[in-house]
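Heads up, the thing below is written out as structure tokens.
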Amino acid sequence: MKRLIKNGQCLVDGHLQVRDLLIVDGKIAKISQHITAATPVDQIVDAQGLFMSPGLVDLHVHLREPGQTDKETVKTGSLAAAHGGYTTIAAMPNVIPAPDTPERMRDMLVLNQRDGAVHLVQYATITTARGGDELVDMPGLKDAGAFAFSNDGNGVQTAGTMYQAMIQAARLNMAVVAHAEDDSLTYGGVMHEGSVSKRLGLPGIPSVSETAQVARDVALAAATGAHYHVCHVSSAATVQVIRAAKAAGVNVTCEVSPHHLLLSDEKITRDNAMLKMNPPLGSEQDRQALIAGLLDGTIDVIATDHAPHTDAEKAQSMLKAPFGITGSETAFAMLYTKFVKSGLFSLAQLINWMSVSPAELFGLNAGKLTEGQSADIALFDLTTPFTIHSDDFLSKGHNSPFIGEQVLGKTVRTIVSGTDAYLSKD
Ligand SMILES: NC(=O)N[C@@H](CC(=O)O)C(=O)O
Ligand SMILES: [Zn+2]
Ligand SMILES: [Zn+2]
């Protein structure tokens, strides 16, 4: 199978340049200014005027299968990712049952392989059923094919448990990917604790619940040498702890979500749970610190934390609805429109945070358009405005605060191993 993509706009040394790209048997066979097919190709894709990007890489998605297939499935979640331009995603293990044994991991990988529309890697848990202090069989889970270890959805509450997990992870050369949240500091809150939570009369979550656990874990990473990756960093103080740890040479990396970069708690009202997620949206000062953290290299990647819930669940108030919003299908367009068009980020920086850097940090074979590489490619239209409609979502979740936004950066086509995983209707 041969496909030739003609006249795409590629990032070359940070600038857009027109390129042709030849795909043979799922791999990039050639990329250059002008390719004339010597032997006939099966298909020519016209990418005139489109941005041709390495497929995006999302280190943090929730696919809900097995256990909560009313919210999402491997199929719908991975199609949603493809719709967002993602070609590689990492699935969190807060499914039921959780992949916390080698056998369950193997079952999970069979399901992912069968139904995944994009390349899919799978987190194992750190502890049994993501709770308590019983460590999983980390070597067994690595052998079974785990991508890394995470208890996402909850923090690891006991320092000694995290310490033992990191000792083993370091030995196995695997990352510990942490949702940092000290349960003794959250007080049953539903949003960031601050002036807005006080004005709304909603119980607040002090941001120190995140920062304190990251500070603890940075010390444990320093002591063990493990690769410690912090999920969805949300506060200025946490950014500062990670900045200092990096300066001290600790093997720490971290991610920020699109929503924490785009929104702050000032937009929250009591009756709209589309702004309810964990960690909660911080203050405007937190948001500015996250942007500064990306720009100075403290924050390494942008990951969506795509967290679908049913319409009925999210129709409830801030007090009652579950935490989490979707992100796969809106991330690129929202970030491109709000940050690249405004001149705050360059397109090359955005692609670095959404594709190049996550692939590099976790040794994924992705994030570049080079000869010999798997043909994982996203074509985006950067010039035609469109409105985000929930009808267009392929996710089962419609819990996005970005519905109704006018944006640029529509995904036109997403190619995974040379084959279309998403193709726009218009
Ligand atoms: N982010 C969220 O608010 N929710 C996530 C869990 C998580 O990422 O911690 C979920 O699984 O729904
Ligand atoms: Zn989390
Ligand atoms: Zn998550």
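Atoms within each ligand, like the ligands themselves, are counted from 1 in listed order.
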Applying ring pair (Phe, Tyr, Trp, His ring centres under 6.0 Å) to Phe339 and not counting sequence neighbours gives Phe345
the protein heavy atom lying closest to atom 7 (C) of ligand 1 turns out to be Asp152 OD2, 3.4 Å
Under 4.0 Å from one or more heavy atoms of Met277, ligand 1 contributes atoms 3 (O)
Q. Does Phe362 CZ have over 12 foreign heavy atoms under 6.0 Å away?
A. yes
Note: Asp305, heavy atoms under 4.0 Å from ligand 1, region reported as side chain
**Asked** Parallel under 30°, tilted from 30 to 60°, perpendicular over 60°: which one fits the rings of His227 and His229?
**Response** perpendicular
When every non-hydrogen atom of Met191 is compared with those of Leu202, the smallest separation belongs to SD-CD1, 3.8 Å
Can you find a non-hydrogen atom of His60 under 4.0 Å from ligand 1? yes
closest protein heavy atom to atom 3 (O) of ligand 1 is Asn278 N, 2.8 Å
message = Test your reading of the structure: does Gly324 have an N or O sitting under 3.5 Å from an N or O of ligand 1?
response = yes
Protein-derived N, O or S atoms lying less than 2.8 Å from the Zn ion (ligand 3), waters not counted, sum to 4
Within 6.0 Å of CD in Gln288, more than 12 heavy atoms from elsewhere: yes
Under 4.0 Å from one or more heavy atoms of His179, ligand 1 contributes atoms 7 (C), 9 (O)
Those residues at least two apart in sequence (or on a different chain) that pass salt bridge (charged side-chain N to carboxylate O under 4.0 Å, His left out) with Arg3 are Asp420
So for Asn94 against ligand 1, with non-hydrogen atoms under 4.0 Å, the contacting part is side chain
Contact region, His309 to ligand 1, non-hydrogen atoms below 4.0 Å, reads side chain
ask   = Around atom CD of Glu134, are there more than 12 heavy atoms of other residues, nucleotides or ligands at under 6.0 Å?
value = no
task = Please find out if less than 6.0 Å separates the ring center of His60 from that of His232.
result = yes
Practice prompt. Work out whether the distance between some heavy atom of Met92 and some atom of ligand 1 is less than 4.0 Å.
Written response: no
Exercise for the section: Evaluate whether atom NZ of Lys246 has more than 12 neighbouring non-hydrogen atoms of other residues, nucleotides or ligands under 6.0 angstrom away. Expected result: yes
With heavy atoms and a 4.0 Å threshold, my read on which part of Arg64 contacts ligand 1 is side chain
Less than 3.5 Å apart, which donor and acceptor atoms pair up between the side chains of residues 137-149 and the rest of the protein, not counting sequence neighbours?
| residue | atom | partner | partner atom | Å |
| --- | --- | --- | --- | --- |
| Asp137 | OD1 | Gly140 | N | 2.8 |
| Lys142 | NZ | Leu172 | O | 2.8 |

Short version for His62: what comes under 4.0 Å of ligand 1, heavy atoms counted, is side chain
Give a yes or no on whether Gln113 atom CD has more than 12 heavy-atom contacts from other residues, nucleotides or ligands under 6.0 Å away. no
Taking everything shown except Glu284 itself, do over 12 heavy atoms lie less than 6.0 Å from its CD? yes
among protein heavy atoms, the one nearest atom 4 (N) of ligand 1 is Phe323 O, 3.3 Å
Taking only non-hydrogen atoms of Gly153 and a 4.0 Å limit, the atoms of ligand 1 in range are 6 (C), 7 (C), 9 (O)
Angle between ring planes, Tyr422 versus His83, binned at 30° and 60°: parallel, tilted or perpendicular? tilted
